[in-house]
Undergrad: 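Attaching a single structure in structure tokens format; questions to follow.
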Amino acid sequence: LDRTFNNQDWFALRQNTLLKSKKFKSITEAQTAVETMLSSLGDKYTRYLNPAKYQSLVDSATGNLCGVGVEISTNRDGSRVIASDVEPNSPASNIGILPRDVFVEVDGVRFDDGTG
């Protein structure tokens, strides 16, 4: 059994973090310790995802999304924010938003140079 990774004794590093875990005062401290432990491995494919980022990743992979039913992106040159897809029977489709519609302003924030 090889307990090393990137020239570190992974088992010892894990055990040390577990022993310290009894002293954490918050979930944020625990999350930071796990993130630090994993980042010490120097592996670009190993990282810690906090619960919100993990849920976002799961949602994007499984299609569990919430909102008004519109997927947004930019046009090819990145100059405009557009509706790339609109879910049928969603709040967005019910008010008439169609794919390729351009978003000029949302809640007072303009997305273009003012030329509309």
Side-chain angles (χ1 to χ4, degrees):
L1 178 65
D2 181 11
R3 293 185 174 170
T4 65
F5 185 86
N6 207 15
N7 299 316
Q8 294 187 59
D9 185 342
W10 175 247
F11 183 77
L13 186 61
R14 180 180 165 273
Q15 289 300 106
N16 187 37
T17 302
L18 285 172
L19 289 173
K20 289 179 186 176
S21 70
K22 295 175 181 162
K23 298 177 185 174
F24 295 141
K25 294 179 178 134
S26 68
I27 191 70
T28 303
E29 283 185 22
Q31 290 171 341
T32 300
V34 171
E35 186 173 1
T36 301
M37 179 181 68
L38 293 176
S39 67
S40 75
L41 297 174
D43 177 34
K44 67 181 180 178
Y45 300 108
T46 302
R47 67 185 181 279
Y48 172 75
L49 299 174
N50 66 38
K53 286 199 185 271
Y54 175 76
Q55 190 61 52
S56 176
L57 182 66
V58 168
D59 288 345
S60 67
T62 61
N64 295 327
L65 301 175
C66 64
V68 296
V70 63
E71 180 179 328
I72 61 171
S73 62
T74 59
N75 63 343
R76 290 186 193 267
D77 68 5
S79 64
R80 296 184 183 254
V81 176
I82 62 169
S84 55
D85 190 29
V86 180
E87 287 295 313
N89 301 315
S90 68
S93 70
N94 291 341
I95 65 164
I97 294 177
L98 300 170
R100 295 186 303 279
D101 278 355
V102 176
F103 288 89
V104 177
E105 182 178 317
V106 175
D107 288 338
V109 177
R110 291 196 63 89
F111 293 119
D112 64 2
D113 60 5
T115 60

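Quick caveat, the model's predicted, so the values are computed rather than measured. By convention here, the first residue in the shown sequence is residue 1.
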Undergrad: With rounding to the nearest 0.5 angstrom, report the CG to CG distance, Leu13 to Leu18.
TA: 10.0 Å
Undergrad: Has the side chain of Glu29 got a donor or acceptor atom that lies under 3.5 Å from a matching backbone atom of Lys25?
TA: yes
Undergrad: Flag the pair Lys53 / Asn50 as yes when at least one side-chain heavy-atom distance between them is below 4.5 Å, and no otherwise.
TA: yes
Undergrad: Val106: what forms a side-chain contact (heavy atoms from CB on, under 4.5 Å) with it, not counting sequence neighbours?
TA: Phe103, Phe111
Undergrad: Quick one: does Asn75's side chain have a donor or acceptor within less than 3.5 Å of a partner on Arg80's backbone?
TA: yes
Undergrad: Quick one: does Thr36's side chain get under 4.5 Å of Ser40's, heavy atoms only?
TA: no
Undergrad: Using a 4.5 Å cut-off on heavy atoms from C-beta on, say whether the side chain of Thr32 contacts that of Phe24.
TA: no
Undergrad: Look at atom CG of Asp107 and say whether more than 12 heavy atoms of other residues, nucleotides or ligands are closer to it than 6.0 Å.
TA: no
Undergrad: Mark yes or no for whether Ser84, through its side chain, and Glu71, through its backbone, hold a donor-acceptor pair below 3.5 Å.
TA: yes
Undergrad: Looking at every non-hydrogen atom in both residues, tell me the closest pair between Arg14 and Met37 and how far apart they are.
TA: CA-SD, 3.9 Å
Undergrad: Verify, without hydrogens or angle tests, whether Glu35 (side chain) and Arg47 (backbone) share a donor-acceptor contact under 3.5 angstrom.
TA: no
Undergrad: Does some side-chain heavy atom of Thr74 sit less than 4.5 Å from a side-chain heavy atom of Ser79?
TA: no
Undergrad: Can you name the side-chain hydrogen bond (donor to acceptor under 3.5 Å, both in side chains) partners of Tyr48, sequence neighbours left out?
TA: Gln31
Undergrad: Considering only distance and modelled atom types, tabulate donor-acceptor pairs under 3.5 Å from the side chains of residues 91-99, sequence neighbours left out.
TA:
residue : atom : partner : partner atom : Å
Ser93   : OG   : Glu87   : O            : 3.3
Ser93   : OG   : Asn89   : N            : 3.1
Ser93   : OG   : Ser90   : N            : 3.0
Ser93   : OG   : Ser90   : O            : 3.1
Asn94   : ND2  : Ser90   : O            : 3.2

Undergrad: What's the separation between atom CZ in Phe11 and atom CD in Gln15, rounded to the nearest 0.5 Å?
TA: 4.0 Å
